[in-house]
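Here the structure is laid out as structure tokens; the discussion comes afterwards.
Positions are given from 1, in the same order as the sequence printed here.
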Amino acid sequence: MASVGSPPASTQPDLPSGIAVFIKIPYAFILPEIVCGTWVWILVAATSVSFPLLQGWVMYVSLTSCLISLLLLLGYLLGFHKNSENWKVLDSLYHGATAILYMSAAVLQANATIRSELGPNSPLYYQLNCAATFFAFITTLLYILHAFSIYYQ
């Protein structure tokens, strides 16, 4: 129970700004999401996008997510959120939706990997696709962890 002269307890979320973004969970996941997502589209692009229908979606999801996550990271670093509850909801919704999209991209990339095993450039493209699939699932996991960590915070 608060005393008569004390100010009320703050109900505002404690959102980090500046360097604190890199050490506070779940916000510390943003940089690894960007790095792993970047690896996904670099590795897929290195395969010359052998399966355009499958890998086109993978490229779209990974590149768009990388850019939006980069903007979100810059927003946190520069303190655009002003400790608003709406920013926390936006973050949670974005990471939840992106986790679902990334899961679909990771599954399609796994399918492309299986199909590339017997292709004309088999060893090289297969290895690149394996690495892209690995990073796609790691990135999916990072987005899921971020979304649930925000939600349960």
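- The line from OG1 of Thr133 to CD of Gln109 is 4.0 Å long, rounded to the nearest 0.5 Å.
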**Report entry** Check against side-chain contact (heavy atoms from CB on, under 4.5 Å), Tyr27 and Leu72
**Finding:** CA-CA 10 Å; Tyr27 310 100; Leu72 190 64; over 6 Å; no

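- Between Tyr125 and Ser48, the side chains place a donor N or O and an acceptor N or O closer than 3.5 Å (distance only, hydrogens not considered).
- The environment of Tyr60 atom OH is sparse: at most 12 non-hydrogen atoms of other residues, nucleotides or ligands sit within 6.0 angstrom.
- Side-chain N or O atoms of Ser62 include one that pairs as donor or acceptor with a backbone N or O of Met59 at under 3.5 Å.
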Query - Step-by-step side-chain contact (heavy atoms from CB on, under 4.5 Å) determination, Leu145 to Leu141 - result: CA-CA 6 Å; Leu145 288 174; Leu141 178 65; 4.1 Å; yes

Requested in this report: Give the C-alpha distance, both sets of side-chain angles, the deciding distance and a yes or no for side-chain contact (heavy atoms from CB on, under 4.5 Å) between Tyr102 and Ile144.
Outcome: CA-CA 10 Å; Tyr102 239 110; Ile144 290 170; over 6 Å; no

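- Inter-residue side-chain proximity for Tyr126 and Pro123 is flagged as unmet; no heavy-atom pair is nearer than 4.5 Å.
- For the atom pair CZ (Phe135) and SG (Cys130), the distance works out to 12.5 Å, reported to the nearest 0.5 Å.
- Checked by atom type and distance alone, the side chain of Ser92 never pairs as donor or acceptor with a backbone atom of Val89 at under 3.5 Å.
- The main-chain N or O of His146 is never found under 3.5 Å from a side-chain atom of His95 such that the two would form a donor-acceptor pair.
- By the criterion of side-chain heavy atoms lying less than 4.5 angstrom apart, applied directly or through intervening Ile, Leu, Val, Met, Phe, Trp or Tyr residues, Leu67 is not grouped with Leu93; the two fall into different hydrophobic clusters.
- Of the possible donor and acceptor atoms, none in the side chain of Ser69 sits under 3.5 Å from a partner among the backbone N and O of Cys66.
- Rounded to the nearest 0.5 Å, atoms OG (Ser116) and CG (Asn129) are 4.0 Å apart.
- Remark: side-chain polar atoms of Tyr94 are not paired, donor with acceptor, to backbone N or O of Ile68 under 3.5 angstrom.
- Taking the ring centroids of Tyr76 and Trp87, they lie under the 6.0 Å cut-off.
- Leu53 CG: 12 or fewer foreign heavy atoms inside a 6.0 Å radius.
- Placement of Ile30 and Leu71 in two distinct hydrophobic clusters is found when ILVMFWY residues are connected by side-chain heavy-atom separations under 4.5 Å, directly or transitively.
- Residues Ile42 and Thr38 are in side-chain contact: their nearest non-hydrogen atoms beyond the backbone lie under 4.5 Å apart.
- In this structure, the separation between CG on Leu77 and CZ on Phe22 is 4.5 Å, given to the nearest 0.5 Å.
- Atom OG of Ser104 sits about 5.5 Å away from atom CH2 of Trp57, to the nearest 0.5 Å.
- A continuous path of Ile, Leu, Val, Met, Phe, Trp and Tyr side chains, each step under 4.5 Å between heavy atoms, connects Phe29 with Phe134, placing both in one hydrophobic cluster.
- Counting heavy atoms from C-beta on, the side chains of Leu108 and Phe51 never come closer than 4.5 Å.
- Taken together through direct or relayed side-chain contacts under 4.5 Å among Ile, Leu, Val, Met, Phe, Trp and Tyr, Ile100 and Ile138 form parts of separate hydrophobic clusters.
- Interatomic distance, Leu63 CG to Trp41 CH2, rounded to the nearest 0.5 Å: 5.5 Å.
- Annotation for Ala136 and Val40: closest pair N-CG2, 3.4 Å, computed over non-hydrogen atoms.
- In the hydrophobic cluster analysis, where Ile, Leu, Val, Met, Phe, Trp and Tyr join through side-chain heavy atoms closer than 4.5 angstrom, Leu78 is grouped together with Leu73.
- When all heavy atoms of Thr140 and Ala99 are compared, the closest pair comes out as CG2-O, 3.8 Å.
- Between the side chains of Ser65 and Thr98, no donor-acceptor pair is found at a separation under 3.5 Å.
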Query raised in the report: How far apart are the C-alpha atoms of Leu43 and Thr47, what are their side-chain angles, what is the distance that settles it, and do they pass the side-chain contact (heavy atoms from CB on, under 4.5 Å) test?
Result: CA-CA 7 Å; Leu43 290 165; Thr47 66; over 6 Å; no

